[in-house]
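Just below is one structure, and these are the notes that go with it.
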Number of protein chains: 2
Amino acid sequence: MRNAVLQDTLTPKHLKASHIQPNCSTCSLRELCLPVGLDEPEVEALGDLVNHKCQVKRGEYLHRAGSDFKSLYAVRRGVFKTCILEKDGRQQVTGFHMTGELIGLDAISTERHTCDAIALEDSEVCEIPFAKLEEMGRNIPPLMHHFHKIMSREIVKDHGVMMLLGSMKAEERLATFLLNLSRRYFKRGYSSSDFILRMTREEIGSYLGLKLETVSRAFSRLQEEGIITVKNKHINISDIDRLRSKIGG
Amino acid sequence: MRNAVLQDTLTPKHLKASHIQPNCSTCSLRELCLPVGLDEPEVEALGDLVNHKCQVKRGEYLHRAGSDFKSLYAVRRGVFKTCILEKDGRQQVTGFHMTGELIGLDAISTERHTCDAIALEDSEVCEIPFAKLEEMGRNIPPLMHHFHKIMSREIVKDHGVMMLLGSMKAEERLATFLLNLSRRYFKRGYSSSDFILRMTREEIGSYLGLKLETVSRAFSRLQEEGIITVKNKHINISDIDRLRSKIGG
DNA sequence: TTCTTGTTTTGATCCATGTCAATGCAAGGG
DNA sequence: CCCTTGCATTGACATGGATCAAAACAAGAA
């Protein structure tokens, strides 16, 4: 829509690159993304290795489970979900990824992607060739260190999800999920109390280990209690303290 | 028991070090642990930075949530559990760690441990100062690369647990758990069909998102079906194929 | 040995969530 | 506009696992 012309440039691969904003230095996500803690020349060097602004339309795959791993992707605009699919058809959403977040960390271990990554709305990513990143990390210790922190944070996040899945009830899970989204929107300069969900009830359910009906009922209950307002994908948190108290109350 | 004398050496900190086998080069776990893929001089260099053989008795903490992070630990002997504890008392076991596996990856993100690590039997670890590891990684690219693979593998593992917690039934969870243990014992040269559990039913339950009674019942059912034999902590897998078919059948 | 303590098993019952089914609602296409 | 399609809500009912309770069992201490 916004950049319809740009989106229709020639496509060497499945990813369409456009070079409007060709470096990390000028990127508004700088402080959320890989370059955290780097000085100006370092950011420039990093930016030179990154393929900026690859477009992924809503519903398109950024990568599929089993495909070759060459690059990490940083979300520049939009939202992605990642999910794993068992042979028996079972599916698990393993994460939702917002701007500044890295996708593909799981693939380093086997050089193959272990999950599908799918755009939940028209999105853009920056492609970061991993071999080059490692090489550059050797010369820029803060870059390497921050990369380690990002991987570690991913592990901590997953442990939080394990806690949620292992020992929380439906309503607690949903409250936790909403508060997490709220915090992440806030960090990005958006309202922490009013936002649009980019994922369906089924995707939320898959992430939270619940059926979509249970998710829907939990939404309704929180609404009846006056804690949130739900209008389809539009969520308004009217009483964040009571929402917080839903967890482990 | 075996090394009672050694265990009673002077203790500068809470970890007691003894210097019988002072380098990674001669360690039998070399191919399971950090040094994978390194050549001889590199392994020696790595070994020099590691504080080998710190003893941790059964029930003792290797580290606690909130404590300062300085080092990773590689399990050299024994088994550990890691668990997070919410303010409301809820507890979640996030992993069981066998020889050659690294503990502490979660702590890199905030420089604080995010979980408790507790020895489930008398154990030994090697302490790996993380700052030094990063420094050395700059000069030994394969070391850095393998470290990234280890972190990535941890993420993949956690995604597997999320799948398990999010969409499997009690019996499937337990079957998955047993098959995972079986594979890990096998890799370490032990029987893949006959082993001793080091954790209680309650700890298994916490890891699998089940109550201990449910774990016990699932064991009993698998035994009634002739798939395994359970005698307290002693497990014998008599029909591994049928155990596999329990998952997603 | 007996006592104690922690763990495991088993049974009886309950409840949160899953399942099945119907209806409602919003968005896009003809 | 209506029709279609996908998503969300709501209700009725079934069920897997939680909970509560008791007993069995194992290991260590006295």
Side-chain angles (χ1 to χ4, degrees), chain A residues 1 57-59 81 89-93 118 120-122 164-175 177-178 196-225 228-236 246-249, chain B residues 1 57-59 81 89-93 118 120-122 164-178 196-225 228-235 246 249:
Chain A
M1 11 205 87
K57 290 282 192 67
R58 180 193 160 124
K81 72 168 175 181
R90 247 189 306 232
Q91 192 175 13
Q92 175 76 30
V93 171
I118 300 166
L120 296 181
E121 57 179 328
D122 291 356
L164 178 149
L165 292 170
S167 64
M168 287 186 178
K169 297 212 210 282
E171 222 179 52
E172 295 180 279
R173 295 185 199 191
L174 189 64
F177 175 69
L178 289 176
I196 308 288
L197 299 173
R198 301 303 171 172
M199 63 295 281
T200 66
R201 301 288 189 267
E202 186 168 20
E203 287 161 339
I204 297 172
S206 173
Y207 184 61
L208 299 180
L210 302 168
K211 291 293 155 182
L212 70 96
E213 295 93 330
T214 307
V215 173
S216 178
R217 277 186 252 265
F219 270 128
S220 300
R221 218 170 324 133
L222 289 175
Q223 178 162 240
E224 278 160 30
E225 296 182 54
I228 62 174
T229 311
V230 187
K231 195 171 262 174
N232 242 317
K233 309 223 165 186
H234 181 174
I235 303 291
N236 183 284
K246 281 285 170 189
I247 302 167
Chain B
M1 13 200 83
K57 291 282 192 68
R58 178 193 161 123
K81 72 168 175 180
R90 245 189 307 230
Q91 192 174 15
Q92 174 76 31
V93 171
I118 301 166
L120 296 180
E121 59 179 328
D122 290 358
L164 177 148
L165 292 170
S167 64
M168 287 187 179
K169 296 209 207 289
E171 221 180 55
E172 295 181 278
R173 296 186 197 190
L174 189 64
T176 306
F177 176 69
L178 289 176
I196 307 290
L197 298 173
R198 301 302 171 173
M199 64 294 283
T200 66
R201 301 287 189 267
E202 187 168 20
E203 287 162 337
I204 297 172
S206 172
Y207 184 62
L208 299 180
L210 302 168
K211 291 292 155 184
L212 70 95
E213 295 95 326
T214 307
V215 173
S216 178
R217 277 185 250 267
F219 271 129
S220 300
R221 217 168 327 132
L222 289 175
Q223 178 162 241
E224 277 161 29
E225 296 182 54
I228 63 174
T229 310
V230 187
K231 195 171 261 175
N232 241 315
K233 310 223 166 190
H234 181 173
I235 303 291
K246 279 285 170 192

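Reminder, nothing fancy here: chain letters follow the sequence lines and each chain counts from 1. Keep in mind it's a predicted model, so treat the numbers as computed, not measured. The figures here come from the full heavy-atom set of this structure, side chains too, leaving out hydrogens, waters and symmetry mates.
With the nearest nucleotide of DNA chain C identified for both Glu202(B) and Glu171(A), Glu202(B) has the one nearer the 5' end. Nucleotides of DNA chain D nearest to Glu224(A) and Lys169(B) differ in position, and the one nearer the 5' end is that of Glu224(A).
Considering Arg198(A), Lys233(A), Arg58(A) as possible partners of Glu121(A), the one that fulfils the salt bridge (Lys or Arg N to Asp or Glu O under 4.0 Å) test is Arg198(A).
Phe219(A) is listed as a side-chain neighbour of Arg201(A), based on a closest heavy-atom distance under 4.5 Å. For the pair Arg173(B)/Val215(B), no side-chain contact is recorded, criterion being any heavy-atom separation below 4.5 Å from C-beta on. Inter-residue side-chain proximity for Met199(A) and Val93(A) is flagged as unmet; no heavy-atom pair is nearer than 4.5 Å. At a threshold of 4.5 Å between non-hydrogen side-chain atoms, the residues Lys211(A) and Glu202(A) do not count as touching. In this structure, Leu178(B) and Leu222(B) have side chains that are in contact, with non-hydrogen atoms separated by less than 4.5 Å. Inter-residue side-chain proximity for Leu174(B) and Ile204(B) is flagged as met; some heavy-atom pair is nearer than 4.5 Å.
Atom CD in Gln223(B) sits roughly 14 Å away from atom P in dT8(C) (whole-Å rounding). Put simply, NZ on Lys211(B) is 21 Å from P on dG11(C), counting in whole angstrom units. If you take CD1 of Ile228(B) and P of dT8(C), they are 14 Å apart, rounded to a whole angstrom. The separation between Phe219(A) atom CZ and dT17(C) atom C1' is 17 Å, rounded to whole Å. Ile204(A) places its CD1 atom 12 Å from the C1' atom of dC7(D), with the value rounded to the nearest Å. Between the CE atom of Met168(B) and the P atom of dG16(D) there is a distance of 17 Å, given to the nearest Å. Nucleotide dT17(C) holds its C1' atom 14 Å from the CG atom of Leu208(A), rounded to whole Å. Rounded to whole Å, atom P of dA16(C) lies 17 Å from atom CG of Leu174(A).
Minimum atom distance to the side chain of Leu210(A) is reached by dT17(C), of the listed dA8(D), dT17(C), dT7(C). The side chain of Ser216(A) approaches dT10(D) more closely than any other nucleotide in the set dT19(C), dT8(C), dT10(D). For Thr200(A), counting side-chain heavy atoms from C-beta on, the closest listed nucleotide (dA18(D), dG18(C), dA8(D)) is dA8(D). Checked against dT17(C), dT9(D), dC7(D), the side chain of Lys233(A) finds its nearest nucleotide in dC7(D). Listed nucleotides: dT17(C), dT19(C), dT9(D). Nearest to the side chain of Arg201(A): dT9(D). Of all nucleotides listed (dG17(D), dC7(D), dT8(C)), dT8(C) comes nearest to the side chain of Leu212(B).
Heavy-atom minimum distance, Glu172(A) versus Ile247(A): OE2-C, 4.0 Å.
Phosphate proximity of dG18(C) to Thr214(A): present, with a side-chain N or O under 4.0 Å from OP1 or OP2.
At a threshold of 4.0 angstrom between heavy atoms, the contacts of Gly205(A) with the nucleic acid are absent.
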Listed pairs, N/O of protein and of nucleotides 20-29 of chain D, under 3.5 Å:
residue, atom, partner, partner atom, Å
dC20(D), N4, Glu213(B), OE2, 3.3

